[in-house]
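A quick write-up on the structure given underneath.
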Amino acid sequence: MQSNALKNTAAKATWSVIHPLTEEDSTAVAALRKVAAPVKGKLKGIAGRGPFNEIMERVAVPEDVTFEAASVGGICGWWAKLPKDREGAAIIHVHGGWFNWGTAQAFRNFAGHIALTAGADVFIPDYRLSPEHPFPAAVRDLEACYRGLLDQGTTRIGLTGDSAGGNLALLLLSIASAQASEDAIAPAVAVVFSPVTDLALTGESFDTRAEADPYFTKPQAAGLIRSYLGDTDPKNPLASPLYGDLTGLPPIRVHVGDDEVLLDDSRRYVERAVTAGVDAELDVWMGLPHGFVTNVGGFNAATQALRASGAFLADRLGRTVR
């Protein structure tokens, strides 16, 4: 069931699209909930890295995509490359994992699906993780990666990210856009999936979706964020994109499941972006959990969201997709 806040906002907002849950996806979600229930809220700290990466490694392998370990701007990672040379444009995908988990290698398959739908090669940087490397290490790594792509002659860059990676992608979007000049090109577009935009955890969906979310709890999220931020104010605009100046940003699309505690992080960010004059839109997928878009082949909604995201990215990057 939708929260009253989301119902009222969606009814008035031209920037929000609500997608109904299909019967087929409803069955798939029910099965997922049974599997996830015993471990809800229990992945914490670095102990969560192995299980998290194992889950991401299971994402369906994309056809006609090759993977290559590389370094961009001194940041190691992996390329997901299409069969034909796609010079001039590229996408940086920032992987999720609550700033504590995840690797570029584990996210290769998901990035490959983004590459296929967008018609552009995708680089996944292995930014530094907390608690070994707390804020702002990850942000600095992504800045270096972005500059590295520019140094390689890439003139059209798109940004994508999921969960905490969505947080970092939106921060990079703001930083790179603010620094754009004759010798520093601004990003062309951003698409993020269930981004963590408010590290102060003030969204009401942490309460209204506490039971519906099959994976995360507020105490769990708070602990993971503490290990990332340390003593940094969670409302610091370099940590939480919700509190930054969003004026002048390029087009943004955000996809989020209705059954996740991070629902309001997406809704409030898009609302602020639209108020700032940004071409921003929110797609809310009813009955779907966090990370649903990575379940390629498991959810029809994942295919639909990826296709819509890819078409949007391709249009802004001047790409042709099959």
Side-chain angles (χ1 to χ4, degrees), residues 2-3 5-19 91-94 96 114 118 139 142-143 146 156-180 185-206 233-258 260-285 290 293 305 308-317:
Q2 288 177 268
S3 67
L6 182 57
K7 279 183 179 179
N8 294 337
T9 300
K12 300 175 183 177
T14 59
W15 43 262
S16 179
V17 178
I18 296 178
H19 303 267
I91 295 168
I92 296 175
H93 180 75
V94 191
I114 294 174
V139 179
L142 293 171
E143 288 184 78
Y146 186 84
R156 296 182 303 282
I157 300 175
L159 305 178
T160 62
D162 62 280
S163 194
N167 167 292
L168 294 167
L170 292 174
L171 291 173
L172 178 60
L173 186 73
S174 290
I175 292 168
S177 297
Q179 295 176 346
I185 301 168
V189 60
V191 175
V192 291
F193 308 100
S194 304
V196 184
T197 68
D198 177 16
L199 300 191
L201 305 181
T202 65
E204 72 169 42
S205 53
F206 273 100
D233 182 352
K235 293 186 177 181
N236 182 327
L238 284 178
S240 293
L242 181 67
Y243 301 105
D245 180 4
L246 309 185
T247 306
L249 294 183
I252 302 168
R253 296 294 181 267
V254 179
H255 292 262
V256 66
D258 184 70
E260 53 176 302
V261 292
L262 290 169
L263 174 62
D264 280 334
D265 278 46
S266 291
R267 180 185 60 78
R268 291 183 298 155
Y269 179 87
V270 174
E271 186 173 24
R272 283 207 64 230
V274 170
T275 300
V278 179
D279 174 6
E281 292 183 9
L282 173 68
D283 285 80
V284 179
W285 298 82
H290 186 78
V293 73
S309 300
F312 180 69
L313 289 161
D315 180 66
R316 299 311 190 274
L317 294 173

First locate atom [atom1] of [X], then atom [atom2] of [Y], and finally report the distance between them rounded to the nearest 0.5 Å.
X	Y	atom1	atom2	answer
Leu159	Leu172	CG	CG	5.0 Å
Leu246	Thr275	CG	OG1	9.0 Å
Ser16	Arg267	OG	CZ	9.5 Å
Leu199	Leu201	CG	CG	7.0 Å
Glu271	Ser266	CD	OG	12.5 Å
Ile91	Leu313	CD1	CG	4.5 Å

Which pair of heavy atoms, one from [X] and one from [Y], lies closest together, and at what distance?
X	Y	result
Trp15	Ala280	CB-O, 3.6 Å
Ser309	Phe193	OG-CE2, 3.5 Å
Ile157	Leu317	C-CD2, 3.8 Å
Gly257	Ser194	N-OG, 4.2 Å
Ala200	Pro234	N-CB, 3.6 Å
Tyr269	Ile252	OH-CD1, 3.7 Å

### Query
Is the closest side-chain donor-acceptor distance between His19 and Asp258 under 3.5 Å?
no
Would you find a donor on one side and an acceptor on the other, under 3.5 Å apart, between the side chain of [X] and the backbone of [Y]?
X	Y	result
Arg272	Gly244	yes
Asp265	Val196	no
Ser240	Lys235	no
Asn167	Ala239	yes

### Query
Asp198: what forms a salt bridge (charged side-chain N to carboxylate O under 4.0 Å, His left out) with it, not counting sequence neighbours?
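Here the qualifying residues are Arg268.
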Should [X] and [Y] count as side-chain neighbours, where that means a heavy-atom distance under 4.5 Å?
X	Y	result
His93	Asp162	yes
Ile175	Glu143	yes
Ile18	Trp285	no
Ser177	Pro250	yes

### Task
List in chain and number order the residues that pass side chain to side chain contact (heavy atoms under 4.5 Å, CB included) with Ser205, two or more places apart in sequence or in another chain; answer none if no residue qualifies.
Thr208, Arg209, Leu263, Asp264
### Task
Using the salt bridge (charged side-chain N to carboxylate O under 4.0 Å, His left out) rule, collect all pairs that involve residues 239-255, keeping only residues at least two apart or in two chains.
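For residues 239-255: Arg253-Asp279, Arg253-Glu281.
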